[in-house]
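In what follows, a single structure is set out as structure tokens and then discussed.
Residue numbers start from 1 in every chain, and the chains themselves are labelled A, B, ... in the order their sequence lines are given, proteins ahead of strands.
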Amino acid sequence: MRYWLMKTEPTTFSVEDLAAAPRRTTGWDGVRNYQARNMLRDQMKRGDEAFLYYSSTEVPGIVATMRVVREGYPDPTAFDRKDHHYDPDSRRDDPRWFMIDVQLKRRLKRVIPLSELRAHAGRELRGMALLRPGNRLSVTPVSEQEWQFILALE
DNA sequence: GCCAACGTTGGC
DNA sequence: GCCAACGTTGGC
């Protein structure tokens, strides 16, 4: 079993939206980056857990944990001409973009801010993908040690 | 709103 | 295959 971190902008999709969704589950569609695509398609497995992370907000940070409930499958928004994430180069018989389904496990008792994660970048969270300079990936791996350490901060 | 860090695109 | 231009991300 592996651990991940998935970014969302709360104005686009929030933990409240996820909590209100049927079975507290949502399809994580719209990812249009090859590195992230590869993780969604090939590496994220049923039962893996993921942090829900808020970006582009007053206090960026981790707000919840989620569980992977469906493994990679073609992202239909890429086929939809009217969708913001439409990609004419992705075809149904040769899909380019993939998505997974995630279920809310639980909200954290408090937001763990990015600034607090950074404060541990020199030791426990050294090498954490999220903290690497210039990181922009919307999906990043989290090691088991990082996962446990961050939950202990809670 | 600024801007650094990337990824992508396309001319050559 | 190189690289400049451009678009996007996301912290601050």
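Counting heavy atoms from C-beta outward, Asp75(A) and Arg32(A) have side chains that approach closer than 4.5 Å.
For Lys7(A) and dT9(C), the shortest distance from a side-chain N or O to OP1 or OP2 is not below 4.0 Å. OP1 or OP2 of dC6(B) has not a single side-chain nitrogen or oxygen of Tyr34(A) nearer than 4.0 Å.
Using a 4.0 Å heavy-atom criterion, one finds that Tyr54(A) contacts no nucleic acid atom at all. Heavy atoms of Ser55(A) sit under 4.0 angstrom from primed sugar atoms or phosphate atoms, though from no base atom.
Leu137(A) has its CG atom 14 Å from the C1' atom of dT8(B), to the nearest Å. Rounded to whole Å, atom C1' of dT9(C) lies 13 Å from atom NE2 of His85(A). Between the CG atom of Asp87(A) and the P atom of dT8(C) there is a distance of 14 Å, rounded to whole Å. If you measure from atom OH of Tyr53(A) to atom P of dT9(C), you get 15 Å, rounded to the nearest angstrom. Arg132(A) places its CZ atom 12 Å from the P atom of dG7(B), with the value rounded to the nearest Å. Residue Asn135(A) contributes atom CG, which lies 13 Å from atom C1' of dG7(B) at whole-angstrom precision. Straight-line distance from the CZ atom of Arg32(A) to the C1' atom of dT9(B): 18 Å, rounded to whole Å. Protein atom CG of Leu131(A) is 16 Å distant from nucleotide atom P of dA5(B), rounded to whole Å.
In terms of heavy-atom proximity, Phe79(A) sits nearest to Pro95(A) at CZ-CB, 4.0 Å.
Geometrically, Arg41(A) engages Phe98(A) in a cation-pi contact defined by less than 6.0 Å to the ring centre and at most 45° from the axis.
Checked against a 6.0 Å centroid threshold, the rings of Trp97(A) and Tyr34(A) count as neighbours.
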